[in-house]
Amino acid sequence: MLKKPVCPHCKAIYDYKEIKSQKNNSKVQCHNCKKTFTVKKTGGFVLLMSITFVLAIVLNIFMLSVVGVKSLIPLLVITVLLILIALFVQPFFVRYKK
């Protein structure tokens, strides 16, 4: 199950806006326990985009072979929607390390 990242020291939950504003490999001080930890975004982003890439290929092949789409417009729409969904769930792939 996807979950938001939490402070590795006190398990304080961060909201969507705070996660989006944090930079990769930056040191962040917890708003609850005041201890510092490191934000790791790169590995999660690579994993998320890999999943999105494979899912887009599978859905496009499904649309071409089973549904019989003859135009590129529906394929483009599906791919763009998948990328937008992936960017929306990106904070769930951020990890905090001590």
Side-chain angles (χ1 to χ4, degrees):
M1 185 81 184
L2 293 175
K3 62 179 184 171
K4 291 183 191 175
V6 295
C7 173
H9 303 285
C10 68
K11 307 298 184 215
I13 299 174
Y14 284 81
D15 67 349
Y16 189 81
K17 190 188 308 183
E18 286 176 314
I19 298 167
K20 289 292 268 185
S21 67
Q22 296 167 345
K23 304 279 188 240
N24 187 35
N25 291 329
S26 64
K27 300 283 185 187
V28 176
Q29 184 177 17
C30 178
H31 56 77
N32 190 27
C33 67
K34 306 299 186 221
K35 294 181 182 176
T36 59
F37 54 87
T38 305
V39 177
K40 298 289 184 182
K41 286 188 171 185
T42 307
F45 185 72
V46 169
L47 176 66
L48 177 64
M49 286 301 134
S50 299
I51 292 169
T52 305
F53 180 71
V54 169
L55 189 60
I57 289 173
V58 169
L59 281 175
N60 284 337
I61 290 173
F62 174 78
M63 292 290 289
L64 287 170
S65 62
V66 176
V67 178
V69 173
K70 301 286 187 217
S71 174
L72 290 178
I73 302 297
L75 303 177
L76 179 67
V77 169
I78 287 175
T79 304
V80 169
L81 284 175
L82 284 174
I83 291 172
L84 289 175
I85 291 169
L87 292 176
F88 181 71
V89 298
Q90 182 183 0
F92 294 105
F93 285 83
V94 174
R95 295 292 163 244
Y96 295 153
K97 302 286 182 184
K98 288 184 180 180

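We use all heavy atoms of the structure for the numbers below, so side chains are in, but hydrogens, waters and symmetry mates are not.
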Quick check: closest heavy atoms across [X] and [Y], and the distance to 0.1 Å?
X     : Y     : answer
Leu48 : Ala86 : CD2-O, 3.0 Å
Ile13 : His31 : O-NE2, 3.7 Å
Gln29 : Phe37 : C-CE2, 4.5 Å

>> Between Lys35 and Pro8 (side chain of the first, backbone of the second, donor and acceptor by atom type, cut-off under 3.5 Å), is there such a pair?
In response: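 No; zero donor-acceptor contacts below 3.5 Å.
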> Backbone N or O of Phe88 within a donor-acceptor pair of the Tyr16 side chain at under 3.5 Å?
Replying inline: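 Side chain of Tyr16 to backbone of Phe88, a donor-acceptor pair under 3.5 Å: yes, one is there.
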>> Can you tell me how far apart CG (Asn32) and OH (Tyr14) are? Round to the nearest 0.5 Å.
In response: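 Atom-to-atom, Asn32:CG and Tyr14:OH are 8.0 Å apart.
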>> Let me confirm one number: the SG-NZ distance from Cys10 to Lys34, rounded to the nearest 0.5 Å.
In response: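 Rounded to the nearest 0.5 Å, the SG-NZ separation comes out at 10.0 Å.
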Give the table of side-chain donor-acceptor pairs shorter than 3.5 Å for residues 89-98, with sequence neighbours excluded, one pair per line with atom names and distance.
from  : atom 1 : to    : atom 2 : distance (Å)
Arg95 : NH2    : Phe92 : O      : 3.3
Tyr96 : OH     : Gln22 : OE1    : 2.6
Tyr96 : OH     : Gln22 : NE2    : 3.4

>> Would you say Ile19 ends up clustered with Val6 if hydrophobic residues are merged whenever their side chains have heavy atoms under 4.5 Å apart, either directly or through other cluster members?
In response: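 Per the 4.5 Å side-chain linkage, Val6 and Ile19 are not co-clustered.
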>> Quick check on the hydrophobic clustering: are Ile51 and Phe45 connected, directly or via other members, by side-chain heavy-atom contacts under 4.5 Å?
In response: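 Ile51 and Phe45: one cluster.
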Under 3.5 Å, sequence neighbours excluded: what are the donor-acceptor pairs made by side chains of residues 63-83?
from  : atom 1 : to    : atom 2 : distance (Å)
Ser65 : OG     : Ile61 : O      : 2.8
Ser71 : OG     : Ile73 : N      : 3.2
Thr79 : OG1    : Asn60 : ND2    : 3.2
Thr79 : OG1    : Leu75 : O      : 2.8

> Do Leu87 and Met49 pass the side-chain contact (heavy atoms from CB on, under 4.5 Å) test, and can you show the C-alpha distance, the side-chain angles, and the key distance before you say yes or no?
Replying inline: CA-CA 9 Å; Leu87 292 176; Met49 286 301 134; 4.1 Å; yes
>> For the residue pair Lys40 / Asn25, report whether a side-chain donor-acceptor contact shorter than 3.5 Å exists.
In response: yes
